[in-house]
Q: 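Below is one structure. I have some questions about it.
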Amino acid sequence: MRIGVVTFPGTLDDRDALRAVRIAGAEPVTLWHGEDDLQDVEAIVLPGGFSYGDYLRAGAISRFAPVMEKVVDAAKGGMPVLGICNGFQILCETHLLPGAMIKNAHRAFLCRDQPLTVENTRTAWTSGYEAGQVIRIPLKNQDGQYVADERTLAELEDEGRIVFRYAAGATHGPAGFEANPNGSRHDIAGITNAAGNVVGLMPHPEHAVEAGFGPDQPGEGTRSGTDGLAMFTSVLRSMVA
Amino acid sequence: MPRVVVHVMPKPEILDPQGKAVAAALPRLGFEGIASVRQGKRFELEVEGEITDQVLVSLREAATTLLSNPVIEDVVSIDVEDAADGAQA
């Protein structure tokens, strides 16, 4: 099972995403932004970072990278695609997912372990969770505020396409942002397309896949959190099934 | 060389965190009486050759596909800056 991870200039979290793929039991494959070759992968991760320096808008220039044309075609053909943080911003810029991300409402970079409610377990990337389950994975960004017009928000709600919502229980952050860390509409942390194969989220599941290197789990110990791993094992299972 | 100036602004219904930060800083410096600030972008495109209607159509497309994201931003103006031809598009 080959899962590709795309590296753009300015990508930061490709190594962690490759590692998460390996820990989940799949074969990690590095994909390069400048090559229009998906190397026979069966799923794709667009990792976090500041691709092309986030110049113009986050994800705006990556959208036109040679590899993205192939990614868009593959996604439209049903291949599982996961966009994390900057990868989510890129998926929005390509219009594979609706809406856009603007600067956090409190205007600061925020890094914290963020509780999320899993609302949709029918996607390729979330079948390993239970509906309503609260998971805790790292969140770290400056442009994390999800916005969309009312019609799009209503559509996402009605079709059950909100995959993750921000939940209370973070240990720190600006006043007024205890649950929703950035002002995102409807507390949206992650969404999916109508087919359920494309998922984008701002928090980072790839940083919570191995005990000792994950977020703190209150009551269970420091750095013990592995709540992100199920995203990668979910896609593995959905491809085998 | 004629220049085309494109102005892009955050949509009115979208909160503009950068504008808000500027608005909050102004009174600290003693600039009173400014009710709100919104911050946009100005692009200056130097165009090779004459600016024909066809060139403007293609620049308009560039403005709405790359220079702005229609989900959060509006292209508020595309102006040709040329002394000989002050035409607005």
Side-chain angles (χ1 to χ4, degrees), chain A residues 51-52 54-65 68-69 72 86 88-110 141-156 174 176-177 180-186 188 191 200, chain B residues 3-29 31 34-48 55-79 81 89:
Chain A
S51 59
Y52 294 92
D54 271 357
Y55 296 147
L56 196 57
R57 296 177 304 278
I61 299 181
S62 313
R63 169 195 171 186
F64 298 99
M68 281 310 295
E69 201 176 312
V72 170
N86 197 221
F88 184 15
Q89 293 159 341
I90 295 169
L91 289 176
C92 288
E93 283 282 342
T94 60
H95 309 305
L96 282 172
L97 293 175
M101 249 67 62
I102 64 170
K103 265 184 213 322
N104 293 339
H106 48 77
R107 307 189 292 270
F109 187 96
L110 178 61
N141 62 59
Q142 170 138 333
D143 290 16
Q145 182 179 181
Y146 181 81
V147 296
D149 59 33
E150 287 304 325
R151 199 174 57 89
T152 305
L153 290 169
E155 206 173 278
L156 288 171
F177 295 88
N180 184 330
N182 47 36
S184 288
R185 302 294 180 277
H186 294 213
I188 289 172
I191 56 174
Chain B
R3 185 158 72 179
V4 173
V5 177
V6 179
H7 283 113
V8 173
M9 288 297 291
K11 279 187 188 294
E13 67 269 27
I14 299 272
L15 171 84
D16 172 19
Q18 293 186 104
K20 233 170 82 181
V22 175
L26 286 168
R28 286 204 295 273
L29 296 172
F31 299 106
I34 296 158
S36 76
V37 178
R38 297 183 69 76
Q39 182 180 329
K41 293 173 186 159
R42 172 189 169 102
F43 299 87
E44 298 182 350
L45 312 173
E46 305 245 291
V47 178
E48 290 171 349
V55 169
L56 277 174
V57 166
S58 114
L59 288 179
R60 184 173 293 284
E61 197 189 333
T64 51
T65 52
L66 178 60
L67 303 187
S68 70
N69 177 347
V71 177
I72 48 173
E73 295 166 320
D74 291 324
V75 177
V76 291
S77 66
I78 299 178
D79 297 321
E81 267 196 5

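What's counted below: heavy atoms across the whole structure, side chains too, no hydrogens, waters or symmetry copies.
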Q: Quick one: closest heavy-atom pair of A:Asn86 and A:Gly59, and the distance?
A: ND2-N, 3.9 Å
Q: Less than 4.5 Å apart, side chain to side chain, heavy atoms only: is that true for B:Leu66 and A:Leu56?
A: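 The answer is yes; the side chains approach within 4.5 Å.
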Q: Using a cut-off of under 4.5 Å for heavy-atom pairs, which of A:His106, A:Arg107, A:Lys103 has the most such pairs with chain B?
A: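 Of the options given, most contacts go to A:Arg107.
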Q: A:Ser184 and A:Asn182: which non-hydrogen atoms are nearest, and at how many Å?
A: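 Nearest pair, atom of A:Ser184 first, then A:Asn182: OG-OD1, 2.6 Å.
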Q: Is chain A contacted by the side chain of B:Leu15, its backbone, both, or neither, given a heavy-atom distance below 4.5 Å?
A: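 Interface part for B:Leu15: both.
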Q: Can you tell me which portion of B:Lys11 sits under 4.5 Å from chain A's heavy atoms? Options are side chain, backbone, both or neither.
A: neither
Q: At a 4.5 Å cut-off on heavy atoms, which part of A:Ile102 comes close to chain B: side chain, backbone, both, or neither?
A: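 For A:Ile102, the contact with chain B is made by the side chain alone.
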Q: Is it true that, when you exclude B:Glu44 itself, more than 12 heavy atoms of the residues, nucleotides or ligands shown sit nearer than 6.0 Å to its CD?
A: yes
Q: Quick one: of A:Pro98, A:Ala148, A:Gly99, who has the most non-hydrogen atom pairs under 4.5 Å with chain B?
A: A:Gly99
Q: Taking the side chain as every heavy atom from C-beta outward, state whether B:Asp16 and B:Ser36 have any pair of such atoms under 4.5 Å apart.
A: no
